[in-house]
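Working notes, beginning with the structure itself.
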Number of protein chains: 2
Amino acid sequence: MTARGGTSDSAPSGESGAERISDAEYAVMEVLWKRSPQTAAEVCERVCATRDWSMPTVKTLLARLVQKGALATQPDGRRFLYSPLIERRAYVGTESKRMVDRLFGGRAAPLFAHLAENEALTDEDIAEIERLLRELKK
Amino acid sequence: MTARGGTSDSAPSGESGAERISDAEYAVMEVLWKRSPQTAAEVCERVCATRDWSMPTVKTLLARLVQKGALATQPDGRRFLYSPLIERRAYVGTESKRMVDRLFGGRAAPLFAHLAENEALTDEDIAEIERLLRELKK
DNA sequence: GCGATATGACTACATCTGTAGTCTGAACGC
DNA sequence: GCGTTCAGACTACAGATGTAGTCATATCGC
């Protein structure tokens, strides 16, 4: 939740460390969750045009993610191959829960009400949610 | 909305300004959404013990929120009475959507899948969501 | 083998956020 | 009226984040 806010106390994925992954860092993680390992240059190819970043920016973000324990490095000649150390689903789960806790006191129904009101639910979403609800009731 | 991260571009509630409300600032807004107008001292009474903050901290957060356009001030003698300029529901809606956009590509069903997996859905939530689904299908 | 180069290491700086201290003066209370 | 006090205004500082530049060097390629 984007309230951005520095000194938070949640782990990137609940594993180790206590740092958060920032928006910019998350964009880098997304690239590597899609495909890894990759080099810094490869990551930049995928993200620099859309985000209007330059290579030094990506390198900084990668280094910070390594520092935070979110990425692993594997030497490959003069460069590193970067791989995620946290799973996307774990990260997404933690962040989702954190937002629900923060904005909705941990309750999912109010969140759903909000999304429904704002027409953020497609017919597909509805069908999928109904399917999930059926499974939950088993 | 959590990835904390400074220079974001979303408005507190889509009204004016381009600043985000941080976690700490949000705690202050919550107090004033519950009851306003209130003075800085009153806000501190409600939040300083639980957050282990002192009065200067609250005053800073209030001033920043005023600067961001999220709070209005009404002189009352030597002090101000603070009131929200943005509605909680608007803020919560924006933040929810932002997170769904960011983590789930704007789709709500995957979010529910995550919450369901993590047992974040109570029986009450499920019943409520079903009710909302029924209304949506009308 | 050697010059070129890519890339990590390191640095820079502005802004935001978290937390709090200091000071002044208008309001307050006696 | 006057001393006191409270609270806004202002300041401070550390850490996080966004964005990027510089440099040294090991690897690369010829």
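Lettering follows sequence order; numbering is per chain, from 1. None of the values given here were measured: they were computed from a predicted structure.
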(message) Could you tell me how far apart A:Tyr26 (OH) and D:dT17 (C1') are, to the nearest whole angstrom?
(response) 18 Å
(request) Take the angle between the ring planes of A:Phe112 and B:Phe112 and call it parallel below 30°, perpendicular above 60°, tilted in between. (result) perpendicular
(request) Write down the distance between CZ (A:Arg20) and C1' (D:dG18), rounded to a whole number of angstrom. (result) 16 Å
(request) Indicate yes or no: at least one non-hydrogen side-chain atom of B:Pro84 is less than 4.5 angstrom from one of B:Met29. (result) yes
(message) What is the separation between atom CZ on B:Phe80 and atom P on D:dC6, rounded to the nearest whole Å?
(response) 18 Å
(message) Could you go through A:Leu115 and B:Leu111, starting from their C-alpha distance and side-chain angles, then the distance that decides it, and tell me whether this counts as side chain to side chain contact (heavy atoms under 4.5 Å, CB included)?
(response) CA-CA 11 Å; A:Leu115 295 176; B:Leu111 168 60; 4.2 Å; yes
(request) Check the distance between C:dT17's P and B:Gln67's CD and give it to me in whole angstrom. (result) 12 Å
(message) Please confirm whether the shortest side-chain N or O distance from B:Tyr82 to OP1 or OP2 of D:dG8 is below 4.0 Å.
(response) yes
(request) For residues A:Pro75 and A:Phe80, determine if any side-chain heavy atom of one lies less than 4.5 Å from a side-chain heavy atom of the other. (result) yes
Could you list, one pair per line, each protein nitrogen or oxygen that sits under 3.5 Å from a nitrogen or oxygen of nucleotides 3-6 of chain C, together with the distance?
from, atom 1, to, atom 2, distance (Å)
C:dT5, O2, A:Arg78, NH1, 2.7
C:dA6, O4', A:Arg78, NH1, 2.7
C:dA6, N3, A:Arg78, NH1, 3.3

(message) Between B:Asp101 and B:Arg98 (salt bridge meaning N to carboxylate O under 4.0 Å), is one present in this structure?
(response) no
(request) Return the value, rounded to whole Å, for the distance between atom CZ of A:Arg64 and atom P of D:dG15. (result) 14 Å
(request) Please indicate whether B:Arg89 has more than 12 foreign heavy atoms, meaning atoms of other residues, nucleotides or ligands, lying under 6.0 Å from its CZ. (result) no
(request) Check whether any side-chain nitrogen or oxygen of A:Ser22 sits under 4.0 Å from OP1 or OP2 of D:dG18, and answer yes or no. (result) yes
(request) Apply salt bridge (Lys or Arg N to Asp or Glu O under 4.0 Å) to B:Arg64 and list each qualifying residue two or more places apart in sequence or on a separate chain. (result) none
(request) Between C:dG18, C:dG8, D:dT17, spot the one nearest the side chain of B:Ala24, thanks. (result) C:dG18
(message) Between C1' on D:dG18 and CG on A:Asp23, what's the gap in Å once rounded to a whole number?
(response) 10 Å
(message) Is there a side-chain contact between A:Glu30 and A:Val47 in this structure, where contact means two heavy atoms from C-beta onward sitting under 4.5 Å apart?
(response) no
(request) State which of D:dG18, D:dA12, D:dA7 makes the closest approach to the side chain of B:Ala41. (result) D:dA7
(message) Looking at A:Arg51 and D:dG18, is any side-chain donor or acceptor paired with a base atom of the opposite kind under 3.5 Å?
(response) no
(message) Tell me the interatomic distance from B:Leu62, atom CG, to D:dC10, atom P, rounded to whole angstroms.
(response) 16 Å
(message) Please list, in numerical order, the residues of residues 54-61 of chain B that have a heavy atom closer than 4.0 Å to any atom of DNA chain D.
(response) B:Lys59
(request) Give the rounded distance in Å between these two atoms: CH2 of A:Trp53 and P of D:dT17. (result) 13 Å
(message) Under a 4.0 Å threshold between the charged nitrogen and the carboxylate oxygen, would A:Arg20 count as salt-bridged to A:Glu25?
(response) no
